[in-house]
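Below is one structure; the comments refer to it alone.
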Protein chains: 2
Amino acid sequence: MSTPDPHNSYDICACAQVRKTARLLTQRYDAALRPAGLKVMQFSILSALAKFLDISMTTLAERLVLDRTGLTRNLKPLERDGLIAIRPGKDSRQRIIHLTDLGREVLKQAVPLWQDVQHQIIDEIGETQIDILHSGLANLNHAAQI
Amino acid sequence: MSTPDPHNSYDICACAQVRKTARLLTQRYDAALRPAGLKVMQFSILSALAKFLDISMTTLAERLVLDRTGLTRNLKPLERDGLIAIRPGKDSRQRIIHLTDLGREVLKQAVPLWQDVQHQIIDEIGETQIDILHSGLANLNHAAQI
DNA sequence: CAATATCACGTGCATATACACGCATATAAA
DNA sequence: TTTATATGCGTGTATATGCACGTGATATTG
């Protein structure tokens with residue numbers, strides 16, 4: 001990865017590497033969360049809502065570093081299933097997303113499942129590695145956002 | 001990330017972290033490759049084909065650590081645009097993917113674009129960090145595949 | 001106050017991704 | 001050789017993701 005070689009972009013593309021890892025982790029986490037009926041992105045959204053409480057679309061999208069229009073569609077199944085409710089804000093352009101009691105309940109049920117898989121992954125690669133990886137990702141995020 | 005806290009899954013989910021980074025990098029790489037008319041996944045596929053030459057669906061999917069059915073659909077636009085051709089193999093169940101001359105040409109045009117953005121990212125976070133990140137991802141991949 | 005710029009958001013379109021299921025071919029067992 | 005099993009692949013369905021574009025509401029100018 002250090003020495004880009006045009007004939008070898010297959011192996012060393014930083015983006016492809018991270019995407020591959022994201023696919024693998026998504027499968028693991030999705031499988032772990034299945035008993036709660038959640039996918040990992042939905043779990044992330046519910047977690048964010050539990051932390052930030054009522055929050056507008058754009059702000060939530062920024063928090064999650066997720067495209068705003070993608071968020072709109074990600075919320076659809078959650079709204080359909082009654083885990084969130086969407087209401088107009090004071091500024092009538094805004095739509096405020098609210099975690100319902102049912103949503104909070106499902107989240108509570110999902111957290112131990114998430115914790116299990118998170119522990120498994122961390123155990124398997126070691127906390128030190130995870131911390132290094134974490135800071136590496138943070139740097140990468142910073143770099144990618146420029 | 002080291003100490004899972006159920007009330008804080010928003011910040012520390014390894015999967016969410018990696019997915020977020022994948023989104024950021026994908027935007028950067030997609031933007032960089034746009035002049036060649038490729039998305040980063042398509043670039044990955046063409047690169048793999050240039051390396052492995054004619055290869056079956058399932059084998060290519062394994063190489064890319066990509067779902068087989070996802071690969072089928074990822075290939076559609078490439079075939080439509082004439083960058084690849086798909087032919088039956090000796091085993092008539094197999095479909096062999098072949099990089100066309102046009103595909104090779106487009107890839108050749110895309111490599112410098114990819115190289116630029118890859119360099120930018122590496123420069124911004126440092127080669128050492130990238131190497132650490134690389135090994136971290138490798139470990140994570142290994143762990144996630146268990 | 002009217003004209004304009006800005007903001008918050010949704011939709012249409014295209015690709016990305018995976019799972020469950022089914023189909024056809026090839027291989028092994030009987 | 002029939003039958004059973006395994007393999008290679010596609011489709012249906014659902015979520016994930018981003019860009020270009022449009023719409024309506026607020027804020028800013030003139």
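Sequence lines set the chain letters: A, B, ... in the order given, protein chains first and strands last, and positions in each chain run from 1.
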For the pair made of [atom1] in [X] and [atom2] in [N], what is the distance, rounded to whole Å?
{"X": "B:Leu33", "N": "C:dA14", "atom1": "CG", "atom2": "P", "value": "20 Å"}
{"X": "A:Glu79", "N": "D:dT15", "atom1": "CD", "atom2": "C1'", "value": "16 Å"}
{"X": "A:Lys76", "N": "C:dT11", "atom1": "NZ", "atom2": "C1'", "value": "9 Å"}
{"X": "A:Asp81", "N": "D:dA14", "atom1": "CG", "atom2": "P", "value": "12 Å"}
{"X": "A:Ile97", "N": "C:dA8", "atom1": "CD1", "atom2": "P", "value": "13 Å"}
{"X": "B:Leu75", "N": "C:dA14", "atom1": "CG", "atom2": "P", "value": "18 Å"}
{"X": "A:Ile86", "N": "C:dA8", "atom1": "CD1", "atom2": "P", "value": "17 Å"}
{"X": "B:Asp54", "N": "D:dG8", "atom1": "CG", "atom2": "P", "value": "17 Å"}

What are the two closest heavy atoms between A:Arg28 and A:Val117, and how far apart are they?
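The answer is O-CG2, 4.0 Å.
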
Over all atoms of both residues, closest heavy-atom pair of B:Leu107 and B:Ser47
CD1-OG, 3.8 Å

Heavy-atom distance under 4.5 Å between the side chains of B:Lys39 and B:Tyr29, does that happen here?
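The answer is no, as the side chains (C-beta and beyond) never meet within the 4.5 Å cut-off.
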
For DNA chain C, what residues of residues 55-63 of chain B have any heavy atom nearer than 4.0 Å?
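Here the set is empty: none.
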
If you look only at distance, which donor and acceptor atoms sit under 3.5 Å apart when one is on a side chain in residues 81-92 of chain A and the other is two or more places apart or in another chain?
| unit_1 | atom_1 | unit_2 | atom_2 | d |
| --- | --- | --- | --- | --- |
| A:Arg87 | NH2 | A:His98 | ND1 | 3.3 |
| A:Asp91 | OD1 | A:Arg93 | N | 2.9 |
| A:Asp91 | OD1 | A:Arg93 | NE | 3.1 |
| A:Asp91 | OD2 | A:Arg93 | NE | 3.3 |
| A:Asp91 | OD2 | A:Arg93 | NH2 | 2.7 |

Once base and sugar-phosphate atoms are separated, protein heavy atoms under 4.0 Å mark nucleotides 17-25 of chain C, 5' to 3', with B, S and - as SBBB----B

Would you kindly confirm whether A:Ile96 and A:Leu75 end up in one hydrophobic cluster when ILVMFWY residues are joined by side chain heavy atoms under 4.5 Å apart?
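Different clusters: A:Ile96 never reaches A:Leu75 through Ile, Leu, Val, Met, Phe, Trp or Tyr contacts under 4.5 Å.
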
Would a distance-only check, ignoring hydrogens and angles, find a side-chain to backbone donor-acceptor pair under 3.5 Å from [X] to [Y]?
{"X": "B:Gln94", "Y": "B:Ile55", "result": "no"}
{"X": "B:Gln42", "Y": "B:Pro77", "result": "no"}
{"X": "A:Asp30", "Y": "A:Val40", "result": "yes"}

Among B:Leu78, B:Leu64, B:Leu71, B:Leu46, which residue meets the side-chain contact (heavy atoms from CB on, under 4.5 Å) test with B:Met41?
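Per the side-chain contact (heavy atoms from CB on, under 4.5 Å) rule, the option paired with B:Met41 is B:Leu64, out of B:Leu78, B:Leu64, B:Leu71, B:Leu46.
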
